[in-house]
**Q** 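If you scroll down you'll find the structure; I have some questions about it.
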Number of protein chains: 2
Amino acid sequence: MGVFSKTCEYGIRAVLYIAHRTIDGSRVGIKEIAAEIDSPESFLAKILQDLSRKGLIQSMKGPNGGFYVEAENLQRPLADIVTAIDGEEVFSGCGMGLTHCSEKNPCPLHKEFKKVRNQLAHMMNTTTIGQFNKELLKGSVTLRK
Amino acid sequence: MGVFSKTCEYGIRAVLYIAHRTIDGSRVGIKEIAAEIDSPESFLAKILQDLSRKGLIQSMKGPNGGFYVEAENLQRPLADIVTAIDGEEVFSGCGMGLTHCSEKNPCPLHKEFKKVRNQLAHMMNTTTIGQFNKELLKGSVTLRK
DNA sequence: ATATATAAAGACCTTTATATCCTTTATTGG
DNA sequence: CCAATAAAGGATATAAAGGTCTTTATATAT
Ligand code: FES
Ligand code: FES
């Protein structure tokens with residue numbers, strides 16, 4: 001198990017793919033996305049459906065339809081994708097599973113775990129959907145394999 | 001989903017409980033452990049069986065039997081418990097699910113994610129099983145709720 | 001030796017995550 | 001309007017995680 005669920009991993013990869021692939025105002029279909037991020041097509045369809053309903057990405061049916069990201073969404077943090085799919089637990093939950101992480105009744109790891117968790121949250125909150133577009137176009141970073 | 005699996009969370013809590021409860025050379029039974037760390041008893045039994053087979057904790061059958069932690073194991077890092085139960089992925093896997101995290105073919109998050117992951121690994125590698133015994137005895141930290 | 005306490009082991013069951021497939025609905029170009 | 005296209009939605013399948021129960025093995029005390 002990684003830090004995020006598989007669903008979430010696919011979701012992040014797909015959104016970043018869509019974002020850099022549609023800066024020109026075009027749309028991209030599920031087949032291409034799935035192929036390019038190396039994910040099961042129909043499973044990804046479900047994930048994107050969900051993210052679309054939640055407004056993180058946009059979609060259009062019909063010929064020349066597909067998924068895209070509106071300009072304003074390019075500024076949204078990746079944390080929004082994680083929260084939409086996995087919830088907030090990874091950003092606020094106790095590292096060893098206590099039902100509530102708190103200062104008053106802390107688990108042994110609390111002090112240190114909180115730092116890590118906060119660093120993770122900070123990273124995901126200050127990293128935006130559109131931020132990697134150039135690097136993705138250049139090919140200096142990848143979304144598959 | 002948290003950073004670790006539920007199995008792993010129970011495992012960590014249980015090992016820390018056993019450690020501080022048996023410094024005097026005694027043993028502690030599964031019923032007490034499960035009650036004190038607030039976990040399902042027979043599920044925890046499976047987990048402890050596994051950790052015992054792997055040598056992270058010790059056990060004895062029969063009257064006055066139970067689980068305990070040998071002195072040398074008190075020095076082992078909590079990372080060993082995580083690795084034994086969840087594997088190493090959380091310490092080395094790609095944050096967005098690429099099959100191999102690498103410098104040569106990095107995902108967009110690689111640079112930042114690696115820092116977080118390393119901080120997590122460092123924390124878990126420098127924190128030992130026995131390290132919280134005093135605090136647990138004092139009651140300044142908790143393993144339940 | 002026997003009875004008893006306790007963990008080990010294995011067979012199950014339930015829920016959640018992951019994944020596929022098929023039908024419906026919306027959009028577009030002709 | 002019509003046919004083609006692509007996402008939405010719903011039903012279902014499969015795998016993995018989470019959890020329970022019963023039986024067996026082993027240690028101890030009497
Ligand atoms: S109580 Fe465990 S991380 Fe805060
Ligand atoms: S490649 Fe993704 S974290 Fe290293």
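Here is how names work: the chains are called A, B, and so on, in the same order as the sequence lines, proteins then strands, and each is numbered from 1. Side-chain atoms are counted along with the backbone in the values below, which use heavy atoms only and exclude waters and symmetry mates.
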**Q** Expressed as a whole number of angstroms, how long is the span from A:Lys6:NZ to C:dA17:C1'?
**A**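 So the NZ-C1' distance, A:Lys6 to C:dA17, works out to 11 Å.
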**Q** Tell me which residues in residues 54-63 of chain B put a heavy atom below 4.0 Å from DNA chain D, sorted by number, or none.
**A**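 Within residues 54-63 of chain B, the residues near DNA chain D are B:Met60, B:Lys61, B:Gly62, B:Pro63.
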**Q** Given C:dA8, is OP1 or OP2 found less than 4.0 Å from the side-chain N or O atoms of B:Ser52?
**A**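 For C:dA8, OP1/OP2 do have a side-chain N/O of B:Ser52 under 4.0 Å.
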**Q** Side chain to side chain contact (heavy atoms under 4.5 Å, CB included) with A:Asp80: which residues, sequence neighbours excluded?
**A**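 Expected list: A:Leu56, A:Arg76, A:Pro77.
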**Q** In whole Å, what is the span from the NZ atom of B:Lys31 to the P atom of C:dT4?
**A**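 My rounded result for the distance is 16 Å.
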**Q** If you define the side chain from C-beta out and look only at heavy atoms, does anything of A:Val116 sit under 4.5 Å from B:Val3?
**A**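 The answer is no, as the side chains (C-beta and beyond) never meet within the 4.5 Å cut-off.
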**Q** Write down the distance between CZ (A:Phe43) and P (D:dT14), rounded to a whole number of angstrom.
**A**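 Checked: the CZ to P distance equals 16 Å.
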**Q** Does the side chain of B:Met124 come within less than 4.5 Å of B:Phe91's, by heavy atoms?
**A**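 They are in side-chain contact.
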**Q** Near DNA chain D, counting only heavy atoms under 4.0 Å, which residues of residues 79-93 of chain A show up?
**A**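 Within residues 79-93 of chain A, no residue comes under 4.0 Å of DNA chain D.
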**Q** To the nearest angstrom, how far is B:Leu51 atom CG from C:dA8 atom P?
**A**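 B:Leu51 atom CG is separated from C:dA8 atom P by 11 Å.
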**Q** Over how many whole Å does the gap from B:Asp50 atom CG to D:dG18 atom P extend?
**A**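 That distance rounds to 14 Å.
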**Q** Quick one: are A:Glu36 and A:Arg144 in side-chain contact, heavy atoms under 4.5 Å?
**A**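 They are in side-chain contact.
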**Q** Rounding to an integer number of Å, can you tell me how far A:Arg27 CZ sits from D:dA6 C1'?
**A**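 My rounded result for the distance is 11 Å.
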**Q** Side chain of A:Gln49: nearest nucleotide among D:dT28, D:dG9, D:dC21?
**A**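 Of D:dT28, D:dG9, D:dC21, D:dG9 is nearest to the side chain of A:Gln49.
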**Q** Under 4.5 Å between side-chain heavy atoms, hopping through other hydrophobics if needed: is there a path connecting A:Val141 to B:Leu109?
**A**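 They do share one cluster, since a chain of ILVMFWY contacts under 4.5 Å joins A:Val141 to B:Leu109.
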**Q** Quick check on C:dT18: is either OP1 or OP2 less than 4.0 Å from any side-chain nitrogen or oxygen of A:Thr7?
**A**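 Yes, because at least one side-chain N or O of A:Thr7 sits under 4.0 Å from OP1 or OP2 of C:dT18.
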**Q** Give a yes/no on whether any side-chain N or O of B:Tyr10 is located under 4.0 angstrom from OP1 or OP2 of D:dG19.
**A**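 Answer yes for this pair, as a side-chain N or O of B:Tyr10 is under 4.0 Å from OP1 or OP2.
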**Q** Taking NZ, NE, NH1 and NH2 as the nitrogens, is one of them in A:Asp50 or A:Lys46 under 4.0 Å from a carboxylate oxygen of the other?
**A**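 A:Lys46 and A:Asp50: not salt-bridged.
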**Q** With heavy atoms under 4.0 Å as the rule, sort A:Arg53 into base, sugar-phosphate or nothing.
**A**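 Result for A:Arg53 = sugar-phosphate.
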**Q** Would you kindly give the CD1-to-P distance between A:Ile47 and D:dA8, to the nearest whole Å?
**A**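 Whole-Å distance recorded here is 13 Å.
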**Q** Measure from the side chain of A:Phe67, starting at C-beta and using heavy atoms only, and say which of D:dG19, C:dT28, D:dA7 lies closest.
**A**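 Of the candidates, D:dA7 comes closest.
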**Q** Does a distance-only test, which skips hydrogens and angles, find a donor-acceptor pair under 3.5 Å between the side chain of B:Lys46 and the base of D:dG18?
**A**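 Answer is no: no donor-acceptor pair is held.
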**Q** Side chains of A:Asp38 and B:Leu98: closer than 4.5 Å at any heavy-atom pair?
**A**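 With C-beta onward as the side chain, the pair stays apart.
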**Q** Tell me what A:Leu48 touches on the nucleic acid: a base, only sugar-phosphate, or nothing, going by heavy atoms under 4.0 Å.
**A**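 Contact class for A:Leu48: none.
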**Q** How about A:His20 and A:Glu135: does a side-chain donor come under 3.5 Å of a side-chain acceptor?
**A**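 There is no such pair between these side chains.
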**Q** Could you tell me the separation between the CD atom of A:Glu41 and the P atom of D:dA8, rounded to a whole number of Å?
**A**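 After rounding, the gap between these two atoms is 13 Å.
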**Q** Nearest nucleotide by nearest heavy atom, which residue falls closer to the 5' end of DNA chain C, A:Leu44 or B:Val28?
**A**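 Here B:Val28 is the residue nearer the 5' end.
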**Q** Assign the ring pair A:Phe43 / A:Tyr10 to parallel, tilted or perpendicular, where the plane angle (0 to 90°) is split at 30° and 60°.
**A**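 Answer is perpendicular, since the angle exceeds 60°.
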**Q** So do A:Arg117 and A:Cys101 actually touch side chain to side chain, heavy atoms under 4.5 Å?
**A**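 Answer yes - side chains close enough.
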